Amino acid sequence: MFRRKLTALDYHNPAGFNCKDETEFRNFIVWLEDQKIRHYKIEDRGNLRNIHSSDWPKFFEQYLRDVNCPFKIQDRQEAIDWLLGLAVRLEYGDNAEKYNKDLVPDNTKNADTAAKNAEPLINLDVNNPDFKAGVMALANLLQIQRHDDYLVMLKAIRILVQERLTQDAVAKANQTKEGLPVALDKHILGFDTGDAVLNEAAQILRLLHIEELRELQTKINEAIVAVQAIIADPKTDHRLGKVGR
């Protein structure tokens, strides 16, 4: 009964959607809020996304109240139909300009398409909630510092992927490091315990500590580079930052 609206919303399985399957139903509600309705801010969708929580029905009931749905969770089919209607209205409102462009002659549309394909990043809508949600999800996954400008965050993600996640970078990181022989007698301890064995153990501990300090400094340098990639962009316009609808 929902196939027509699901198709209009580009749902991935409009013909096979089964609202009686609890897991599928909960995943569908999350998809509907994340992709179409977007009533909550991104950071406020955590409870709704936690589909395995025993409290999920309570959060969904609150969601229905927040979007002013006249149906309760017990009226599942009616509630879904109402939410789909809301999503369709919002989808048209968000994309009215796109639908109006359907009246443009084919040759004009083809030229526009060619231009977009030539330089896709130029046509990114930085205020699109889906774009923001995607960038934020990647940033959280890669543990990249949040920034008001989502394009700056995207640049930082690109830098990290190029430096750490390419096949060459992963292969290099997985290479086994072979230790080099160390002549302890060439390293001055700086004090004497009075026992040759203890002196040797102290020298070893000191060398291990130096190695740890070097690794720490490397990580600090990497963190500085990551932060600079985010904040040192003179073109940043903080007024563009916006979360939610």
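By convention here, the first residue in the shown sequence is residue 1. Computed from a predicted structure; not experimentally measured.
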Would Val67 and Trp82 count as a side-chain contact (heavy atoms from CB on, under 4.5 Å) if you check the C-alpha gap in whole Å, the side-chain angles of each, and the deciding distance to 0.1 Å? CA-CA 10 Å; Val67 296; Trp82 188 90; 3.9 Å; yes
Indicate the atoms forming the closest heavy-atom contact of Cys19 with Phe2, along with that distance. SG-CE1, 4.2 Å
What closest approach, in Å, do Val30 and Leu48 show between heavy atoms, and which atom pair accounts for it? CG2-O, 3.2 Å
Enumerate the residue pairs fulfilling side-chain hydrogen bond (donor to acceptor under 3.5 Å, both in side chains) with a member in residues 18-28, sequence neighbours excluded, ordered by first and then second residue. Glu22-Arg26, Glu22-Arg76
Should the ring pair Phe28 and Phe17 be called parallel, tilted or perpendicular, given that the plane angle runs from 0 to 90° and is split at 30 and 60? tilted
For Tyr63 and Cys69, run side-chain contact (heavy atoms from CB on, under 4.5 Å): C-alpha distance rounded to whole Å, both residues' side-chain angles, the deciding distance at 0.1 Å, then the answer. CA-CA 9 Å; Tyr63 177 71; Cys69 178; over 6 Å; no
Can you tell me how far apart CG (Asp55) and CD (Glu61) are? Round to the nearest 0.5 Å. 13.0 Å
What distance do Leu90 atom CG and Ile37 atom CD1 have between them, rounded to the nearest 0.5 Å? 7.0 Å
Which heavy atom of Trp56 sits nearest to which heavy atom of Ile51, and what is that distance? CD1-CA, 3.7 Å
Are the side chains of Tyr11 and Leu32 in contact, using a 4.5 Å heavy-atom criterion? no
Less than 4.5 Å apart, side chain to side chain, heavy atoms only: is that true for Lys41 and Asp44? yes
Lys5 to Leu84 - nearest heavy-atom pair and separation: CD-CB, 3.8 Å
Tell me whether Glu33 is salt-bridged to Arg45, with the criterion being a basic N under 4.0 Å from an acidic carboxylate O. yes
Taking the side chain from Lys36 and the backbone from Leu9, do they hold a donor-acceptor pair closer than 3.5 Å? yes
Closest contact, heavy atoms only, Pro57 versus Ile73: O-CD1, 3.6 Å
Is Phe25 reachable from Phe59 through a run of hydrophobic residues whose side-chain heavy atoms are each under 4.5 Å from the next? no
Could you check whether any side-chain N or O of Asn13 sits under 3.5 Å from a backbone N or O of Gly16, counting only pairs where one atom can act as donor and the other as acceptor? yes
May I ask you to check whether Asp66 and Tyr40 show a side-chain donor-acceptor distance below 3.5 Å? yes
Could you walk me through whether Ile29 and Phe60 pass side-chain contact (heavy atoms from CB on, under 4.5 Å), step by step? CA-CA 9 Å; Ile29 294 300; Phe60 179 54; 3.7 Å; yes
